[in-house]
There are 2 protein chains.
Amino acid sequence: MRMPDNATWTASPDGDPERACPIAPVVDIVFSRWTTPILWTLNTHGRQRFVELERRIARITPKVLTQRLRQLERDGLVVRTYHAEVPPRVEYEISELGRSLAPLFAHLTEWATDNLPKVDRARHAYDSAGDPAGSLPSAKR
Amino acid sequence: MRMPDNATWTASPDGDPERACPIAPVVDIVFSRWTTPILWTLNTHGRQRFVELERRIARITPKVLTQRLRQLERDGLVVRTYHAEVPPRVEYEISELGRSLAPLFAHLTEWATDNLPKVDRARHAYDSAGDPAGSLPSAKR
DNA sequence: CGGTATCCTGTCGGATACTG
DNA sequence: CAGTATCCGACAGGATACCG
């Protein structure tokens with residue numbers, strides 16, 4: 001049996017399935033569908049209205065945007081401000097807690113820059129490996 | 001228009017919807033359903049066989065486990081080794097590329113430790129705020 | 001404007017059965 | 001053991017219409 005040498009991930013003695021992966025809850029909260037683009041947009045463009053978000057994220061439907069915003073608000077990552085005017089105005093901004101994700105996202109961006117090309121190459125290698133005449137990668141790039 | 005003061009997230013001039021969130025692809029690759037537990041398990045327990053993974057992750061079905069493992073293999077995050085014996089033996093281990101995620105996961109763990117309680121509190125606050133007599137949180141904790 | 005309500009479809013993942 | 005194949009139900013998310 002082989003144990004990884006790096007101690008960056010610490011093993012929790014696995015009794016439960018969930019406990020086997022301590023970061024599962026965070027992933028649920030932060031990396032659910034649409035939440036990342038929403039948080040990103042709110043952080044980069046600051047406080048903005050519903051329609052602005054809708055337009056910037058694009059392809060998201062108002063229904064889903066509402067759902068995700070409510071969820072993020074409930075989780076304390078986003079602050080919703082309702083202005084009782086006519087027409088009504090609602091503004092969303094990232095909370096302090098939400099902002100605390102910034103370094104994490106930066107790290108993620110860094111990893112993407114460094115390694116996404118590798119992922120791409122791995123994919124092409126994998127795909128061409130299955131091909132009949134794929135043994136000779138003379139064609140393609 | 002308000003620009004956030006921290007430069008940790010750098011804005012890409014938003015033309016495209018996808019470009020609006022540069023980390024979306026990474027999220028797809030690393031934080032898809034089940035991938036995080038799988039990577040975590042592979043990293044903490046080292047190289048292991050299909051059944052071991054199946055047992056450790058628990059509640060995952062063989063079908064889905066296979067799907068995700070194939071995907072991770074294709075993305076170059078996991079290495080699959082097939083031993084042509086009887087009975088057949090297949091071992092999975094995390095790749096170098098996969099291991100490069102370790103610091104990221106560590107950060108995630110750290111964030112979880114520091115902030116998950118806050119998320120929990122935010123949720124309870126949000127939930128009780130909607131309640132009729134929720135103004136007096138005398139009951140409950 | 002900022003949603004909610006309703007309907008409807010596509011996809012993910014579970015259950016089960018079977019193979020090399 | 002390590003999967004694949006097939007069926008099937010749940011539910012996320014889209015389209016549309018409407019409201020305060």
Side-chain angles (χ1 to χ4, degrees), chain A residues 1 17-18 20-21 24 27-39 41-42 45 47-75 78-93 126 129-130, chain B residues 1 17-18 20-21 24 27-39 41-42 45 47-75 78-93 126 129-130:
Chain A
M1 176 165 291
E18 302 317 276
C21 185
V27 173
D28 266 9
I29 294 169
V30 180
F31 299 109
S32 297
R33 189 155 169 82
W34 292 116
T35 57
T36 319
I38 291 174
L39 287 174
T41 304
L42 280 176
H45 298 279
R47 175 171 51 239
Q48 50 200 299
R49 311 174 61 163
F50 189 85
V51 271
E52 297 183 88
L53 281 170
E54 197 177 349
R55 269 193 280 268
R56 275 203 243 265
I57 295 176
R59 302 210 317 257
I60 197 174
T61 60
K63 174 184 146 187
V64 175
L65 180 56
T66 305
Q67 287 174 347
R68 293 286 91 94
L69 281 171
R70 288 284 181 280
Q71 177 190 316
L72 290 169
E73 189 196 358
R74 190 176 105 102
D75 291 345
V78 158
V79 178
R80 176 180 184 268
T81 319
Y82 179 83
H83 304 268
E85 314 168 347
V86 275
R89 185 163 52 98
V90 177
E91 291 187 318
Y92 293 90
E93 63 181 324
Y126 184 94
Chain B
M1 177 164 293
E18 302 317 275
C21 185
V27 173
D28 266 8
I29 294 169
V30 180
F31 299 108
S32 297
R33 190 158 168 81
W34 294 115
T35 56
T36 319
I38 292 176
L39 287 175
T41 303
L42 281 176
H45 298 278
R47 175 171 50 236
Q48 51 199 301
R49 309 175 61 163
F50 189 85
V51 272
E52 298 184 87
L53 281 171
E54 197 176 351
R55 270 193 279 269
R56 274 202 243 265
I57 296 177
R59 301 211 317 256
I60 196 174
T61 60
K63 172 185 146 187
V64 175
L65 180 55
T66 305
Q67 288 175 348
R68 294 285 92 96
L69 281 172
R70 289 282 182 280
Q71 177 189 318
L72 289 169
E73 190 196 357
R74 190 176 105 102
D75 291 345
V78 158
V79 178
R80 177 181 184 267
T81 319
Y82 180 82
H83 304 268
E85 313 168 347
V86 273
R89 185 163 51 97
V90 177
E91 291 187 318
Y92 293 91
E93 64 181 323
Y126 184 95

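Chain identifiers are assigned alphabetically (A, B, ...) following the order of the sequence lines, protein sequences preceding nucleic acid strands; residue numbering begins at 1 within each chain. Bear in mind that the values here come from a model prediction, so they are computed numbers and not experimental data.
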Notebook entry, point to check: Got a sec, which residues hit side-chain hydrogen bond (donor to acceptor under 3.5 Å, both in side chains) with A:Arg80, two or more places apart in sequence or on another chain?
Noted result: A:Tyr92
Checklist line | Interatomic distance, A:Leu72 atom CG to A:Gln67 atom CD [nearest 0.5 angstrom] | finding: 11.5 Å
Item checked: Rounded distance in Å - CZ (B:Arg33) to C1' (C:dG14) -> 11 Å
Next item on the list: Using atom CG of B:Leu65 as one end and atom P of C:dG13 as the other, report the distance to the nearest whole Å.
Entry: 12 Å
Note to self: I need the B:Ile38 CD1 to B:Leu69 CG distance, nearest 0.5 Å.
What the structure shows: 5.0 Å
Note to self: Let me confirm one number: the OG1-CD1 distance from B:Thr66 to B:Ile60, rounded to the nearest 0.5 Å.
What the structure shows: 8.5 Å
Notebook entry, point to check: On DNA chain D, which is the earliest and which the latest nucleotide, 5' to 3', with an atom closer than 4.0 Å to a heavy atom of chain B?
Noted result: D:dC1 to D:dC7
Checklist line | Partners meeting side-chain hydrogen bond (donor to acceptor under 3.5 Å, both in side chains) with A:Gln48 (sequence neighbours left out) | finding: A:Arg56
Check: Looking at five pairs on each end of the helix from C:dC1-D:dG20 to C:dG20-D:dC1, what is the angle between the two axes, given to 10 degrees?
Finding: 50°
Check: Does A:Thr36 reach the main-chain N or O of A:Phe31 with its side chain, forming a donor-acceptor pair under 3.5 Å?
Finding: no
Next item on the list: At under 4.0 Å between heavy atoms, which parts of nucleotides 2-7 of chain C does protein reach? Answer with one letter per nucleotide, 5' to 3': B base, S sugar-phosphate only, - none.
Entry: SSS-BB
Notebook entry, point to check: Does A:Glu91 come within less than 4.0 Å of A:Arg47, counting only side-chain N to carboxylate O?
Noted result: yes
Notebook entry, point to check: Do the non-hydrogen side-chain atoms of B:Val78 and B:Leu39 ever get within less than 4.5 Å of each other?
Noted result: yes
Check: Quick one: does A:Pro62's side chain get under 4.5 Å of A:Glu54's, heavy atoms only?
Finding: yes
Check: With sequence neighbours left out, what residues match A:Gln71 under side-chain hydrogen bond (donor to acceptor under 3.5 Å, both in side chains)?
Finding: A:Arg68
Notebook entry, point to check: When the distance from CD1 of B:Ile57 to P of C:dG13 is rounded to whole Å, what number comes out?
Noted result: 13 Å
